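As structure tokens, the structure follows; a few thoughts come after it.
If you're wondering where the values come from, they're calculated on a predicted model, not measured in any experiment. In each ligand, atom 1 is the first atom listed, and ligand 1 is the first ligand listed.
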Amino acid sequence: MNSAISYIIDRQYDIVNSAPEPLPIPKFSTYAVCNLRGGIGKTSLSFNLSYEADDCLAVDTCPQGNLSYFYDNLYFQNNTTTVKDLILPYMLPGLGKASRVAKRVSASNTHFSQKNTFYVASTSDLYTLPSQMSTAINQAKSISGHQQAVAIDSMLYSLRDEIKREMTETETKNCLIDTSPFFSGATHLAWHATDAIIVPVRTDQQSINSLNLLLDTLSNPASEFRREMPSDGHTPKIQMVVLTHCAWSTAGGARNIPNQQTKVYVEKVRDIVNRNIQHFTTDNPDNHIILLDDFLGSGRISSALSKPISVLEAGDTMRINRVRTTVNESVEKIKAELKYINASIW
Ligand SMILES: Nc1ncnc2c1ncn2[C@@H]1O[C@H](COP(=O)(O)OP(=O)(O)O)[C@@H](O)[C@H]1O
Ligand SMILES: [Mg+2]
């Protein structure tokens, strides 16, 4: 095994077998789950971590609304107040501000009945937010002097200020913001609303490319993020890269050996984190890379039932689109990995 990744791989074994000390990383209250690519596990991770957390406000900023659907299967039929109603009054003068928008998850998802979890729903209307935002920011630029910065700060921090108010109203200590694969609009605001970023990366080359794109957006002075900064220059750091869809060797006698694809991507991610360590919350790359096993049938059943992975049991079966689907034994590994991430970040 390449020694650069052996520490990460060994720790992964411990996470599953002996519940080691949480990662030595700072604790924050708000995280944006973000990578600029779809289908890599942002929403699944947000949903499952929101269940692990003691209490949590989950904010769905992806116009596809998959996280909102996990919390309420009637979401697409319902007309509710959404995250866009929180943001728009900061962009268009004259609109009244919203309050008490977050809903208690247990009201629509019985798996959360013992949990103090709330969520702010998304809306497909978020697709038009980028153009509304850029018009509003350009208008603010016609104001001269100090007022210009005040106006732009108020827009860039709109989501942060609204989340703070919703957290106070719901008495939640923790917040997770699920984001879309696109930076413009709500993701941009999520970066200013968050203390730190959690980046899911799937074991494929496109996810590596999007990790590089995310790092460039964070650091390049010409990027959409850096071109328009609030007056205090707020820039979130990356707390963790979660390598999703990981698989392990099935060769006889193999114990804790990643399969070739997983091994290659752990190496690639370790190398990128190492070269960009100034954007992370500590100076040790090994503190920031966690593997999450491929969910397999557990993921399909979790999605079909809107049921957190932690409450699935190995051997549970159901038919999904006429295919018999089973919760694999590996669900216990996934539960331990999710618990370890949860224990490390809050
Ligand atoms: N380790 C894993 N982490 C997250 N998702 C996984 C993992 N393994 C398999 N999956 C599956 O991959 C898909 C990820 O979809 P989703 O979370 O909606 O991604 P995104 O929000 O990034 O578009 C889901 O079907 C999920 O069950
Ligand atoms: Mg998603």
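Polar contact check, Leu292 against ligand 1: a nitrogen or oxygen pair lies under 3.5 Å apart. Polar contact check, Ile40 against ligand 1: a nitrogen or oxygen pair lies under 3.5 Å apart. Where the criterion is an N or O separation shorter than 3.5 Å, residue side chain and backbone included, Gly41 meets it with respect to ligand 1.
Using a 4.0 Å cutoff on heavy atoms, Asp294 counts as a contact of ligand 1.
With Tyr69 as the partner, the ring-ring contact (aromatic ring centres under 6.0 Å, His included) test is satisfied by one option alone out of Phe76, Tyr119, Phe47: Phe76. Under the side chain to side chain donor-acceptor pair (under 3.5 Å) test applied with Thr282, the options His288, Lys237, Gln239 reduce to a single match, His288. For the side-chain contact (heavy atoms from CB on, under 4.5 Å) with Arg104, the lone residue among Thr117, Thr170, Asn116 that qualifies is Asn116.
In this structure, atom 27 (O) of ligand 1 lies nearest to the protein heavy atom Gly299 CA, 3.6 Å. Of the protein's heavy atoms, His245 NE2, 3.6 Å lies nearest to atom 11 (C) of ligand 1. The closest protein non-hydrogen atom to atom 22 (O) of ligand 1 is Lys42 NZ, 2.8 Å. In this structure, the protein non-hydrogen atom closest to atom 3 (N) of ligand 1 is Phe295 CZ, 3.3 Å. Nearest protein heavy-atom neighbour of atom 24 (C) of ligand 1: Ser44 OG, 3.7 Å. If you check which protein heavy atom lies closest to atom 23 (O) of ligand 1, you get Gly39 N, 2.6 Å.
Every atom of ligand 1 is numbered from 1 in the order shown, and the set under 4.0 Å from a heavy atom of Thr244 is 1 (N), 2 (C), 3 (N). Contact atoms of ligand 1 toward Gly38: 23 (O) (distance under 4.0 Å to a heavy atom of the residue).
Cation-pi contact between Lys84 and Tyr127: absent, since separation from the ring centre below 6.0 Å together with deviation from the ring axis within 45° is not met. Both tests do not hold together for Lys103 against Tyr71: distance to the six-membered ring centre under 6.0 Å, angle to the ring axis within 45°. By the 6.0 Å and 45° rule, Arg300 does not stack over the aromatic ring of Phe295.
Of the candidates Val33, Asp293, Ile301, Thr43, it is Thr43 that places a heavy atom closest to atom 18 (O) of ligand 1.
Among the backbone and side-chain atoms of Thr43, an N/O/S atom is found under 2.8 Å from the Mg ion (ligand 2).
In this structure, the ring of Tyr31 has its center less than 6.0 angstrom from the ring center of Trp346.
Nearest heavy-atom pair across Ala121 and Thr80 is CB-OG1, 4.2 Å.
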Salt bridge (Lys or Arg N to Asp or Glu O under 4.0 Å) between Lys333 and Asp293, worked out: CA-CA 7 Å; Lys333 289 182 76 179; Asp293 277 43; 3.2 Å; yes
